[in-house]
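First the structure, in the form of structure tokens, and then the observations on it.
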Amino acid sequence: MDHKMVEIAPPGPVDDPRVHWPLKLRREFDENQFGGAVGNVLVSETDDVRVWHLSLPPGGWLTFHRHVLDYFWTTPTAGIARGYYQDGRIVDVYHYPGETRHFRHGKDEYFVHAIENVGDTELIFVTVEFLPGDNPAIPLADAVKLEHRRRAPAPSRES
């Protein structure tokens with residue numbers, strides 16, 4: 001199967017690569033570009049790996065986040081993910097079941113993007129980040145960790 005990418009918008013000018021984005025999107029980039037949550041939930045973490053799940057229903061959104069570690073992702077689903085990249089590109093990526101991609105990040109290298117499900121099927125990804133790497137791992141908020149979510153008290157039900 002083919003990994004198909006369709007460019008919606010090219011990279012922006014070097015001095016302001018996201019100038020063509022709506023103001024709301026530029027602000028969201030500025031507010032989240034250093035975040036390390038590369039999925040909806042961190043389901044496992046050891047000294048060697050972080051394992052993430054990402055589930056996006058049609059119209060779903062995963063905000064901007066920064067990849068600094070070597071990683072791979074795989075998806076069991078078909079669908080269309082629109083990527084918003086730090087250089088201003090907007091690209092639709094057509095995914096197929098079983099698709100898997102590997103990425104490396106050397107010292108001081110990183111990659112920032114956000115993902116929007118613009119298809120009509122749920123997109124599911126499992127991402128595995130390798131620890132330690134050439135770059136330090138980005139610290140994570142407890143709220144993204146499954147272990148924290150399982151310990152959190154259930155919301156109270158009031159009549």
Side-chain angles (χ1 to χ4, degrees), residues 1 3-5 17-18 21 24-119 121-157:
M1 298 198 177
H3 177 80
K4 179 180 168 189
M5 298 177 70
R18 294 166 297 283
W21 288 3
K24 180 180 177 187
L25 191 60
R26 287 183 292 178
R27 284 187 179 145
E28 187 162 346
F29 176 89
D30 291 342
E31 292 169 6
N32 295 291
Q33 66 173 310
F34 295 101
V38 303
N40 300 114
V41 61
L42 179 68
V43 296
S44 179
E45 183 173 18
T46 70
D47 291 340
D48 299 316
V49 296
R50 286 178 171 171
V51 180
W52 293 88
H53 286 180
L54 172 60
S55 174
L56 291 177
W61 173 260
L62 179 67
T63 195
F64 292 95
H65 53 278
R66 183 173 294 244
H67 292 275
V68 297
L69 301 170
D70 294 346
Y71 73 99
F72 74 87
W73 57 256
T74 189
T75 179
T77 60
I80 308 167
R82 179 162 293 163
Y84 298 84
Y85 299 91
Q86 68 197 31
D87 65 1
R89 281 178 303 135
I90 302 172
V91 177
D92 283 355
V93 182
Y94 292 75
H95 295 287
Y96 59 87
E99 181 178 11
T100 302
R101 297 277 179 234
H102 297 259
F103 300 88
R104 292 191 50 84
H105 291 95
K107 182 143 179 61
D108 299 325
E109 293 179 344
Y110 64 91
F111 168 58
V112 179
H113 71 134
I115 304 166
E116 178 182 15
N117 183 348
V118 295
T121 60
E122 180 179 29
L123 285 172
I124 297 171
F125 294 89
V126 174
T127 301
V128 177
E129 297 180 295
F130 297 101
L131 301 166
D134 289 338
N135 301 300
I138 297 172
L140 301 170
D142 284 344
V144 300
K145 300 175 183 178
L146 179 63
E147 133 190 325
H148 177 76
R149 291 179 181 184
R150 290 176 26 183
R151 285 196 307 241
S156 63
R157 289 187 173 179

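Along the sequence shown, residues are numbered consecutively beginning with 1. Quick caveat: nothing in here was measured; it's all calculated off a predicted structure.
For the pair Arg26 (side chain) and Trp21 (backbone), a donor-acceptor distance under 3.5 Å is present. Not one N or O on the side chain of Thr127 forms a donor-acceptor pair closer than 3.5 Å with the backbone of Trp52. Asn40 contributes a side-chain N or O that, together with a main-chain N or O of Ser55, makes up a donor-acceptor pair within less than 3.5 Å.
Within a 6.0 Å sphere centred on CZ of Arg101, heavy atoms belonging to other residues, nucleotides or ligands number more than 12.
The minimum heavy-atom distance between Thr121 and Gly79, with the atom names listed, is OG1-CA, 3.7 Å. Looking at every heavy atom in both residues, Val43 comes nearest to Leu146 through CA-CB, 4.0 Å. Of all heavy-atom pairs between Ile138 and Arg66, the closest is CD1-O, 3.5 Å. Minimum interatomic distance between Arg50 and Ala137 (heavy atoms only, all atoms of both residues): NH2-CB, 3.7 Å. Of all the heavy atoms in Pro76 and Ile124, the pair that sits closest is CD-O, 3.4 Å. Asn117 and Leu56 make their closest contact through ND2-O, 2.8 Å (heavy atoms, listed as atom of the first residue, atom of the second, distance).
Looking at residues two or more places apart in sequence or on another chain, you find a side chain to side chain contact (heavy atoms under 4.5 Å, CB included) between Thr63 and Glu28, Asn32, Trp61. For Thr75, the side chain to side chain contact (heavy atoms under 4.5 Å, CB included) test picks out Trp73, Thr77, His95, Glu99, Phe125, with sequence neighbours left out.
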Can you list the steps and then say if His53 with Val126 is a side-chain contact (heavy atoms from CB on, under 4.5 Å)?
-> CA-CA 5 Å; His53 286 180; Val126 174; 3.9 Å; yes

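A salt bridge links Lys145 with Asp142: at least one charged nitrogen is closer than 4.0 Å to a carboxylate oxygen.
Once rounded to the nearest 0.5 Å, the distance linking CZ of Phe72 with NE2 of His102 reads 6.0 Å. Taking NE2 of His113 as the reference point, atom CG of Asp87 lies at 12.0 Å (rounded to 0.5 Å). Interatomic distance, CG of Leu54 versus CD1 of Ile115, reported as 5.5 Å (0.5 Å rounding).
The aromatic rings of Phe64 and Tyr84 stand perpendicular to each other, their planes meeting at an angle above 60°, with 30° marking the opposite boundary. Ring pair His65/His67 is perpendicular by interplanar angle, where above 60° counts as perpendicular and below 30° as parallel.
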Only distances under 3.5 Å count here; give the side-chain donor-acceptor pairs of residues 105-112 to other protein atoms, sequence neighbours excluded, each with its distance to 0.1 Å.
from: His105; atom 1: ND1; to: Leu69; atom 2: O; distance (Å): 3.0
from: Glu109; atom 1: OE1; to: Gly106; atom 2: N; distance (Å): 2.6

